[in-house]
Amino acid sequence: MFTSTSNRWRAPLVAAVFTTVALTAAGCSSSGSTAVPGATSTAASGSSDALYKNAIVAKAADILPNSTMAAIKKRGKLIVAEALDAPLLSQQDPSNPDSVTGFDADLAKLLAIYIIGKPNVEIVPPASETREALLANGTVDVVFNTYTITTQRAAQVDFAGPYFESGLAVAVKSDNKNIKSIDDLAGKTVIVGANTPAVTAVPEKQPTAKIVSFGTDPEAVQALTQGRGDAYVQDLTLLASDAVSNKAIKVVGQPFTKEAYGIGLKHDDSDFKKFINSWLVKIQKNGTWGKVWKASLGTVVDSKIPTPPAIGSVPGS
């Protein structure tokens with residue numbers, strides 16, 4: 001699921017449940033990698049239905065001959081490296097394996113519509129260490145997997161975007177009306193994860209805050225709900241996941257550090273990169289990006305829709 005910032009302390013039980021679902025429901029693609037039945041599913045919630053119905057489709061002239069876009073359109077589906085166990089990002093429904101929803105999942109389907117005209121997506125669940133190989137050997141067309149853009153990775157793959165910025169954010173108890181961002185944590189007791197960036201980032205922003213660290217994410221969430229701290233600082237995507245499963249907490253404000261996520265592409269495919277960047281600009285300008293955010297991460301983040309990051313704004317993009 002979350003692949004940056006110390007791999008987010010993955011919860012073993014949740015991971016095991018979804019791995020079992022994926023493997024039980026999965027078939028094998030021609031490359032031998034695991035794919036899920038959602039490969040060609042167009043099932044969606046009501047809000048997603050509206051997004052898909054009104055989604056933009058590339059002009060015929062934009063699908064260059066002998067390009068990656070042309071090959072995907074001819075195939076009739078977009079093959080995506082994407083998690084199955086990332087709440088609000090890309091999560092498989094245990095009762096309906098064909099349904100994978102969330103911010104990344106919806107964007108992948110919208111990209112499929114842009115190329116093919118239909119939200120036909122085949123999902124290949126990646127491990128963080130296999131994403132570059134999946135692109136290099138042609139197993140997948142793109143990676144939507146909270147894939148942090150770095151110059152080191154950009155030597156092996158191309159990145160379209162960035163399409164989203166995460167980073168450290170603030171969670172509080174749901175009935176807290178006084179803390180709205182990192183700016184309100186002066187003199188407060190702040191819970192952080194041991195050996196996470198928050199250990200140093202919070203004191204840099206709020207020197208008078210009292211830091212209390214816990215070894216795992218569940219322990220930190222429990223401490224917050226029990227009132228052993230005024231706030232919990234962790235990566236936005238993990239806090240959003242916590243807020244889905246625990247209604248006693250909420251995320252407030254936007255991240256106060258930046259971690260840019262890109263869409264991973266095969267190295268040196270400049271035409272495909274330009275094509276996807278053009279699509280990103282279009283869905284940002286017409287409000288589709290904001291609607292996808294509001295229907296996913298925005299359901300648990302107490303803030304306005306964030307401004308999407310500028311295309312090419314970070315080294316490696």
Side-chain angles (χ1 to χ4, degrees), residues 1-19 83-94 101-104 128 146 164-203 205-206 209-257 259 261 293 296-303 306:
M1 173 172 94
F2 309 109
T3 54
S4 53
T5 314
S6 304
N7 282 325
R8 314 289 200 275
W9 300 324
R10 300 308 316 283
L13 178 59
V14 174
V17 169
F18 281 101
T19 299
L84 296 174
D85 58 351
L88 301 175
L89 292 170
S90 51
Q91 185 173 32
Q92 187 179 50
D93 182 349
T101 59
F103 184 76
D104 281 351
S128 59
T146 58
F164 181 66
E165 281 184 344
S166 187
L168 294 174
V170 179
V172 296
K173 293 177 70 171
S174 295
D175 59 358
N176 188 313
K177 300 184 184 303
N178 298 318
I179 297 175
K180 301 184 184 299
S181 72
I182 185 70
D183 297 333
D184 300 314
L185 297 186
K188 304 294 187 182
T189 299
V190 180
I191 297 164
V192 301
N195 301 314
T196 69
V199 173
T200 55
V202 173
K205 288 286 186 179
Q206 292 293 359
K210 178 184 176 182
I211 305 300
V212 181
S213 64
F214 291 86
T216 69
D217 177 61
E219 288 175 343
V221 171
Q222 183 181 52
L224 177 62
T225 59
Q226 292 176 344
R228 288 185 278 162
D230 299 298
Y232 172 30
V233 172
Q234 178 54 274
D235 188 89
L236 169 66
T237 49
L238 181 55
L239 292 181
S241 174
D242 290 332
V244 170
S245 58
N246 191 331
K247 301 305 180 184
I249 69 172
K250 65 180 179 180
V251 185
V252 292
Q254 291 299 319
F256 62 90
T257 64
E259 186 173 355
Y261 296 156
W293 183 90
S296 52
L297 292 163
T299 61
V300 296
V301 178
D302 188 8
S303 75

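Quick note: residue numbers are just sequence positions, from 1. On a predicted model such as this, the values are computed, not experimentally measured, just so you know.
- Panel note: side chain S174, backbone I249; a donor-acceptor pair is recorded below 3.5 Å.
- To the nearest 0.5 Å, the span separating CG on L168 from CG on L238 amounts to 11.0 Å.
- Note that the NZ atom of K173 and the CD1 atom of I179 stand 11.5 Å from one another [nearest 0.5 Å].
- Two residues are said to be in side-chain contact when any heavy atoms from C-beta on lie closer than 4.5 Å; L88 and T299 meet this criterion.
- Of all the heavy atoms in A220 and F214, the pair that sits closest is N-CB, 4.0 Å.
- Nearest heavy-atom pair across I211 and P203 is CG1-CG, 4.1 Å.
- In this structure, the side chain of S181 does not engage the main chain of G253 through any donor-acceptor pair within 3.5 Å.
- Between the side chain of Q206 and the backbone N or O of I182 there is at least one donor-acceptor pair closer than 3.5 Å.
- With hydrogens and angles disregarded, a donor-acceptor distance shorter than 3.5 Å links the side chain of K250 to the backbone of N176.
- In this structure, the side chains of D235 and E259 come closer than 4.5 Å at one or more pairs of heavy atoms.
- Atom CG of L236 sits about 11.0 Å away from atom CD of E165, to the nearest 0.5 Å.
- Looking at every heavy atom in both residues, V233 comes nearest to V190 through CG2-CG1, 3.6 Å.
- Closest of all the heavy-atom pairs between G215 and A194 is CA-CB, 4.4 Å.
- A donor-acceptor pair under 3.5 Å is formed between the side chain of S90 and the backbone N or O of A83.
- A donor-acceptor contact shorter than 3.5 Å is absent between the side chain of N246 and the backbone of D242.
- Residue A169 comes nearest to V251 through the heavy atom pair CB-CG1, 4.3 Å, listed as atom of the first residue, atom of the second, then distance.
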I'd like to know whether Q254 forms a side-chain contact (heavy atoms from CB on, under 4.5 Å) with V301, so could you lay out the CA-CA distance, the side-chain angles of the two residues, the decisive distance to 0.1 Å, and finally the verdict. CA-CA 8 Å; Q254 291 299 319; V301 178; 4.2 Å; yes

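- Considering CG of L84 and CD of Q91, their distance stands at 9.5 Å, rounded to 0.5 Å.
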Kindly indicate, with the supporting measurements, whether the criterion side-chain contact (heavy atoms from CB on, under 4.5 Å) is fulfilled by T237 and Y261. CA-CA 12 Å; T237 49; Y261 296 156; 3.9 Å; yes

Evaluate the criterion side-chain contact (heavy atoms from CB on, under 4.5 Å) for residue pair Y232 and D217; output intermediate values, then yes/no. CA-CA 10 Å; Y232 172 30; D217 177 61; 2.8 Å; yes

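- The two residues L224 and I191 make their nearest non-hydrogen contact at N-CD1, 3.5 Å.
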Please determine whether side-chain contact (heavy atoms from CB on, under 4.5 Å) holds for the pair L297 and L89, giving the CA-CA distance in whole Å, both sets of side-chain angles, and the decisive distance to 0.1 Å. CA-CA 7 Å; L297 292 163; L89 292 170; 4.2 Å; yes

